[in-house]
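Here's the structure, in structure tokens; my notes come after.
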Protein chains: 4
Amino acid sequence: MKTKTDRTGLRRQILDATRSLLLSEGVKNLSMRKIAAEIGCKAPSIYYHFENKAALIQALVEEGHQLLFSLMEEAVGRYTDPLQRLEAYMRAYVRFGLDNPVYYEIMFMLRADESGYDPIESFRQAKKSQAPAIEAFQEAERQGLVSTDDFIRATGAIGIMLHGYLAIILNYPENSPFQPDEMLDYIIDRVFRSHGIGGEPYKRHRL
Amino acid sequence: MKTKTDRTGLRRQILDATRSLLLSEGVKNLSMRKIAAEIGCKAPSIYYHFENKAALIQALVEEGHQLLFSLMEEAVGRYTDPLQRLEAYMRAYVRFGLDNPVYYEIMFMLRADESGYDPIESFRQAKKSQAPAIEAFQEAERQGLVSTDDFIRATGAIGIMLHGYLAIILNYPENSPFQPDEMLDYIIDRVFRSHGIGGEPYKRHRL
Amino acid sequence: MKTKTDRTGLRRQILDATRSLLLSEGVKNLSMRKIAAEIGCKAPSIYYHFENKAALIQALVEEGHQLLFSLMEEAVGRYTDPLQRLEAYMRAYVRFGLDNPVYYEIMFMLRADESGYDPIESFRQAKKSQAPAIEAFQEAERQGLVSTDDFIRATGAIGIMLHGYLAIILNYPENSPFQPDEMLDYIIDRVFRSHGIGGEPYKRHRL
Amino acid sequence: MKTKTDRTGLRRQILDATRSLLLSEGVKNLSMRKIAAEIGCKAPSIYYHFENKAALIQALVEEGHQLLFSLMEEAVGRYTDPLQRLEAYMRAYVRFGLDNPVYYEIMFMLRADESGYDPIESFRQAKKSQAPAIEAFQEAERQGLVSTDDFIRATGAIGIMLHGYLAIILNYPENSPFQPDEMLDYIIDRVFRSHGIGGEPYKRHRL
DNA sequence: GATGAATGAGCGTTCATTCAT
DNA sequence: AATGAATGAACGCTCATTCAT
């Protein structure tokens, strides 16, 4: 029986409080003291669970990558048609960013020296999450649904586009210079068109 | 070391030193004292020329928007064929970002509360720079070179894509997860393909 | 309005307060905050006058070396007989240490990494202060009062002895394991004896 | 029984790790956590074996005094000629300091409030180690080899000199302002000369 | 015997900014 | 037009130590 029920998992509390503070105040204004204040513990306690501030953010980054990976796998797994899988991937990726702005920002929008997270490792993780899209592309090609032979680059280009979309929305959440939903539809549409074949660009079963 | 004879000299020096420091040390490590030290004056002197740090960065942002605008106009002006104008626009936009990473970052990658610059005003400026691309699209449509009727959104989507491209390269300059040049060619190619018509997707005279 | 009188020379106040705190609490317990509190200013103000803690201590070390130098010159200058000059040097050196324990400690008893002062520079300064003793030795030899040809080493050995004497007294000010005054007389006596010639070891006119 | 071995084991490990850390990082940078990390245990475990940091250092100081005592006895015991015994004492004392800088520093160069060790007790111990030198002096006098009647003070003066020598070398190990070996020979020589008798200062059989 | 968890106190330092001059 | 001097607020972090387990 635990007497300190409200103290259970300070490590978890720290991570959550950090996410919450990052969301409300941004990376620049995150401080160990504020995190501690948010939880009700003292700043040095954080150092028991994390070596330093960078390690704390790094832990969040890793959580983010794991979540992203599982979400991408799950999203793609809902469909069998490769183009649907691809669209599902794109939409789920965007959803991940919109639902988890803090994760997305520290994963992909923070300079390495600010997050303390090795960017190479970050991209290695990101590539793992891209795999479902690459495989979907491959399968689509095999089925003659798209004309592309450079699946990796094609997926990279999609990632770039979705990153641009998310980066703008997340950076200016209240002042997005475009209609997010309509723009996303438009973007996805253009992606498919760009891989279309002749007059019948793609045999796409819309989600 | 410049002399202090020039009246407007210090203001200019401050702006230049700020850009230089932002380039070498990043936004996070920029401080009024460092700027002053770089120039050889004292921190309070900066306050004579700029109300505060935010105003200083804002001045740089405005400079950046002016430069971007003139570069975009100039780039498009070199061609008459609308698709060439469009491609020139895209390439010049990317070039602007790569050549002026500091401008690009404070213009489009800094949160409003960090730059102190009104994001709405920022997008108003950005839209001005997008005008040449929009007009090129319109003309291309008029000439039957592309099948698009939503020129603004199409241009927005291009901006999103190029922003994603630049954001990644600028954020991880030494660890870009793709080959910048080849990816840029690929992206531009896909943009045109996505607006192609039937079996002959576009009549594009490559630059 | 704060008059110039009570604010004059915060830099000087900082140095004095630092010396005072070093005396009462030791190097280990010196902190920028305590210095500030002693004076009545705030810790950051110290940083206007000294780059950091090491620079502050270094400034004191330099002061100490200057004081030592002038005291040694002055002490030796009071006599013409070289052996008297030598004795005066030794007694004045000890007096400097006893009167200025803080100076002595930071000059000669602090590890380089604690004082932030280059030990080589420190010894260069110390050697300057040793010059009067070396010259006295030389003159004593010329006059046939002592039999020594290695004046530098002889002076070095004296310095070592006096340092041992001071280091013990200063480290255990209340518990010195010997009678300071008598021991000093004894030491000086032995120094002269060790340089004596035959049965009439030295022609010394006691001070 | 395994328990007993373990019990004394960690205590011993703590002492050794502390010595090692003191050697490599200095007193200032010694911390309970670092000691624990060095061993592979946690900081609170140290408190099972030592009441606090001061007690831990005190234990080392005591070890040092024991070692010094046995080394001095042993060194002097190798000779029968009292002057040789005296020289052996001096050389062994210096050797102890050079070979065991950490012991020497915490025994004789640390302020009482830093070591937590009663300085009076410290000097009581130190005097025990001086006994062989005092006795050698007495015997030398008895044999007419030196002219001294204050053996205790004479030995004290020697201790002061050797302490000065060691304090400088240990404090500036890389920047000693004199040649250690030659200076030691010189010092020992002067000690004997200072106790010499008339034209034939001492009948010393060099070691 | 040892540790997981936590904390109060404190550290050196940096910062944007102010204001009298 | 610029600066000398100062400050309130905060920062990341380390420390010796405690205490329940």
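Just so we're on the same page: letters track the sequence lines, and every chain starts at 1. Just the heavy atoms: all of them, side chains too, but no hydrogens, waters or symmetry mates, feed the values below.
- Rounding to whole angstrom units, CZ of residue Arg11(B) and P of dA2(F) are separated by 13 Å.
- Arg111(A) places a side-chain N or O within 3.5 Å of a backbone atom of Leu170(B) that can act as its donor or acceptor partner.
- Residue Tyr48(A) has a polar side-chain atom (N or O) positioned under 4.0 Å from OP1 or OP2 of dA5(E).
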_Using the rule given for side-chain contact (heavy atoms from CB on, under 4.5 Å), can you reason through Asn171(D) versus Leu110(C), listing the C-alpha separation, both sets of side-chain angles and the distance that settles it, and then say yes or no?_
CA-CA 7 Å; Asn171(D) 241 354; Leu110(C) 228 54; over 6 Å; no

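- In this structure, Asn52(A) atom CG and dC15(F) atom C1' are separated by 17 Å, rounded to whole Å.
- Tyr172(D) places a side-chain N or O within donor-acceptor distance of the main-chain N or O of Phe108(C), the cut-off being under 3.5 Å.
- Side-chain atoms of Ala43(D) lie closest to dT17(F) of the nucleotides dA5(E), dG8(F), dT17(F).
- Checked against a 6.0 Å centroid threshold, the rings of His65(A) and Phe123(A) do not count as neighbours.
- Distance, Ile46(B) CD1 to dA16(E) P: 9 Å, rounded to whole Å.
- Under the 3.5 Å distance criterion, the side-chain polar atoms of Lys42(D) are left unmatched by any main-chain donor or acceptor of Ala37(D).
- In the region residues 18-35 of chain C, proximity to DNA chain E at under 4.0 angstrom, judged on heavy atoms, holds for Leu30(C), Ser31(C), Met32(C), Arg33(C), Lys34(C).
- A sub-4.0 Å separation between OP1 or OP2 of dC13(F) and a side-chain N or O of Tyr47(A) is present.
- Relative to the side chain of Ser45(B), the nucleotides dA2(F), dT17(E), dA2(E) differ in distance, and dA2(F) lies closest.
- Every stem involving DNA chain E, taken as at least 3 paired positions in a row under the Watson-Crick or G-U wobble test at 3.5 Å, is listed here: E:2-21 with F:2-21.
- Across the protein-nucleic acid pair, Ile39(B) atom CD1 and dA2(F) atom P stand 10 Å apart, rounded to whole Å.
- Atom NZ in Lys53(B) sits roughly 8 Å away from atom P in dC15(E) (whole-Å rounding).
- Remark: C1' of dT18(E) and CD of Glu51(B) are 13 Å apart, rounded to the nearest angstrom.
- The pair Arg11(A)-Glu63(A) fails the salt-bridge criterion, with no side-chain N (NZ, NE, NH1 or NH2) lying under 4.0 Å from an Asp/Glu carboxylate O.
- A donor-acceptor pair under 3.5 Å links the side-chain atoms of Asp118(B) to the main chain of Ile120(B), judged by distance alone.
- Put simply, Lys42(D) has no side-chain N or O that comes within less than 4.0 Å of OP1 or OP2 on dA2(E).
- Out of dA16(F), dT14(E), dA5(E), the shortest distance to the side chain of Pro44(D) is found at dA5(E).
- Distances shown here put a side-chain N or O of His49(A) below 4.0 Å from the OP1 or OP2 atom of dA6(E).
- Among residue pairs with one or both ends in residues 29-38 of chain D, those qualifying as side-chain hydrogen bond (donor to acceptor under 3.5 Å, both in side chains) are Ser20(D)-Glu38(D), Glu25(D)-Lys34(D); sequence neighbours excluded.
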*Show your working on side-chain contact (heavy atoms from CB on, under 4.5 Å) between Met107(A) and Tyr117(A) and close with a plain yes or no.*
CA-CA 9 Å; Met107(A) 286 162 74; Tyr117(A) 194 58; over 6 Å; no

